[in-house]
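Below you'll find the structure, written out as structure tokens, and then a few comments.
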Amino acid sequence: MNPYIERVLNETRAKNPNEPEFLQTVEEVLTSLEPVINAHPEYEKVSLLERMVEPERIIQFRVVWEDDNHNWQVNKGYRVQYNAALGPYKGGIRFDPSVNLSIIKFLGFEQTFKDALTGLPIGGGKGGSDFDPRGKSEAEVMRFCQAFTSELYRHIGQDIDCPAGDLGCGSREITYMYGQYRRLVGAAEFGALSGKFVSSGGSLGRSEATGYGAVYYLEEVLKHDGLDIKGKKLAIAGFGNVAWGIMKKATELGAKVTYFSGPDGYIHDPDGVCTPEKLDFIVEMRAKDSAHCAPYAEKFGCEFVPNQKCWGVKDVDVYMPSATQNDVNLEWAKKIADSGVKYYIEVANMPTTNDALQFLKEQKHMVVAPSKAVNAGGVSVSELEMAQNAERVYWTAEEVDAKLHDIMKNIYHSSVAAAERYGLGYDLVAGANIVGFQRVADAMMVQGVF
Ligand code: 2IT
């Protein structure tokens with residue numbers, strides 16, 4: 001390994017011993033940059049990698065809110081402002097009991113390269129809280145979002161840091177946060193938060209964007225092999241907003257999602273989740289209870305396999321893990337490789353453990369695509385939302401979709417070209433890391449050392 005990369009990895013491990021998710025993403029990204037670092041000895045002279053792995057700023061705060069029984073609840077709040085070399089910090093807010101600093105730092109590091117990969121003027125950041133939105137009333141969600149924003153507002157702004165949603169934080173939560181932000185700053189500064197409801201400064205197409213973008217990316221991957229997406233069967237994980245977008249776009253293009261899953265097990269629907277009734281049911285089921293997808297099987301009379309993942313099923317063309325991090329470990333990866341399915345398209349942030357990812361990449365019969373490229377449609381349309389807010393205009397759904405489509409094609413083709421340029425062949429994972437890294441590096445190299 002390049003000695004500079006090795007040294008930075010060792011230092012990062014020593015400095016952040018209790019942050020496994022963060023170390024996992026740093027190892028994944030840095031090891032794939034070897035040819036770039038070999039070609040640029042000047043980076044070490046200005047400690048570029050050391051500066052990149054250290055967030056520019058970490059904000060941690062107390063969130064106090066009143067539940068419906070008039071008890072005061074206290075949660076942790078986080079915002080990691082990772083890197084603003086390319087533009088205001090941009091990235092989602094995650095509300096989940098699993099949230100801790102390691103998870104927010106991993107997401108922020110990934111986000112920095114993802115946002116760079118879009119080619120849009122946005123830096124990387126991420127935030128969240130260990131607040132559990134499950135089972136909370138509407139009023140509790142609103143009071144929590146207001147309390148969270150009462151601290152966060154002083155750190156964000158349309159030219160400073162522009163949070164959006166992530167797991168457990170959708171348009172409802174973001175729009176409550178926007179309402180509180182507007183109240184506190186006394187200005188209609190829509191661009192400070194993205195993913196808002198369309199009735200309140202949001203962009204058409206934002207809720208579909210991550211799923212649609214993933215399918216546009218998949219189309220390019222298939223085209224590379226001379227294949228059409230029409231008729232293809234997809235196995236995905238998750239049944240949230242991203243999964244729903246994939247289901248909708250796949251249906252529109254003549255493909256179908258025949259497997260999807262929740263924390264309780266997986267569904268096999270050989271006809272595909274492809275009617276408006278089924279798609280609407282997914283949204284309702286998710287809103288009622290994000291932990292169970294079994295009701296879909298009861299409603300539509302198809303198979304539900306409890307406590308299992310659908311990785312390894314053979315009667316599909318593509319796997320798309322779209323739920324959360326580390327869903328696919330080495331054991332699942334072996335089942336995936338054995339199934340003979342060629343396409344492994346990551347969608348969730350870091351859905352694959354590093355050993356599993358390496359193993360899948362080594363399978364000669366497989367094509368592996370990385371989440372930071374595949375799911376970048378979400379943040380791209382968030383940036384388009386900021387652009388509309390700044391211009392005080394609304395674009396049509398068609399205008400937004402056309403831009404999203406172009407951005408996804410660009411992400412794919414620039415990744416392919418970067419890997420080839422460094423002699424790595426058709427390597428979508430390394431290609432995405434290289435493009436993202438190079439854009440952040442180019443900006444940092446000309447902004448001076450700080
Ligand atoms: O992981 C992600 O890219 C997001 N959660 C969306 C970030 C954004 O700013 O829309």
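One-based numbering, in listed order, for ligands and for the atoms of each.
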How about Y82 and Y89: are their ring centres within less than 6.0 Å of each other? no

Please determine which of Y176, Y181, Y153 meets the side-chain contact (heavy atoms from CB on, under 4.5 Å) test together with L193. Y181

Residue shell for ligand 1, any heavy atom closer than 4.0 Å, reads K90, G91, G92, Q111, K114, K126, A164, G165, D166, R206, N349, G378, V379, S382

Indicate yes or no: does R134 engage D132 in a salt bridge with an N to O separation below 4.0 Å. yes

Centroid separation F239 to Y296 less than 6.0 Å: no

Whether Y43 and H40 hold their rings parallel, tilted or perpendicular, with breakpoints at 30° and 60°: parallel

Under 30°, 30 to 60°, or over 60°: which ring-plane class applies to F131 and W65, parallel, tilted or perpendicular? perpendicular

